[in-house]
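Structure, as structure tokens:
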Amino acid sequence: MFYFLRLKVNRGKIYSDLGDKNLALVDFNHAININPELAEAYFNAANIYLSKKEFTKGWLYYEKRNHREENEDESVARRFQEGRIREQIN
């Protein structure tokens, strides 16, 4: 599943670079529907919505992305701390 999501996000970036914002949004939104915690897809979709002057949608996606990214940062920090505790026990 991970590789399929990477494919969707990367293909969305390519579509965006080629100027096809609508197809890019299809891929980003498909990735988000499969994994709602995928911050990168929200970020890329937000950029497209803002470039299309759909400011409300763009900022909504940025807010969703920021919330997911904070969760990812917290998760990474928690896993790091858990790893340090395990090292101390062993």
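Owing to the predicted nature of the structure, the values given are computational and were not obtained by experimental measurement.
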Could you please spell out the steps behind the side-chain contact (heavy atoms from CB on, under 4.5 Å) verdict for K53 and F55?
CA-CA 5 Å; K53 300 190 187 317; F55 300 114; 4.0 Å; yes
Hey, does [Y] have a side-chain heavy atom less than 4.5 Å from the side chain of [X]?
{"X": "L60", "Y": "Y49", "answer": "no"}
{"X": "F4", "Y": "H30", "answer": "yes"}
{"X": "K64", "Y": "I32", "answer": "no"}

Nearest 0.5 Å, please: how far is [atom2] in [Y] from [atom1] in [X]?
{"X": "L5", "Y": "N35", "atom1": "CG", "atom2": "CG", "answer": "5.5 Å"}
{"X": "I34", "Y": "N29", "atom1": "CD1", "atom2": "CG", "answer": "11.0 Å"}
{"X": "Y62", "Y": "K57", "atom1": "OH", "atom2": "NZ", "answer": "15.5 Å"}
{"X": "L23", "Y": "R11", "atom1": "CG", "atom2": "CZ", "answer": "8.0 Å"}
{"X": "N22", "Y": "I48", "atom1": "CG", "atom2": "CD1", "answer": "8.5 Å"}

In terms of hydrophobic clustering (I, L, V, M, F, W, Y; side-chain heavy atoms under 4.5 Å; direct or indirect links), are Y15 and L7 co-clustered?
no
Side-chain heavy atoms nearer than 4.5 Å, only ILVMFWY residues, links allowed to pass through others: does that put F43 and Y61 together?
no
Is any NZ, NE, NH1 or NH2 atom of the basic residue among K8 and E40 found under 4.0 Å from an Asp or Glu carboxylate oxygen of the other?
no
Side-chain (Y42) to main-chain (F28) donor-acceptor, under 3.5 angstrom:
no
Please find the pair of heavy atoms, one from A24 and one from G12, that lie closest to each other, and give the distance.
CB-O, 3.2 Å
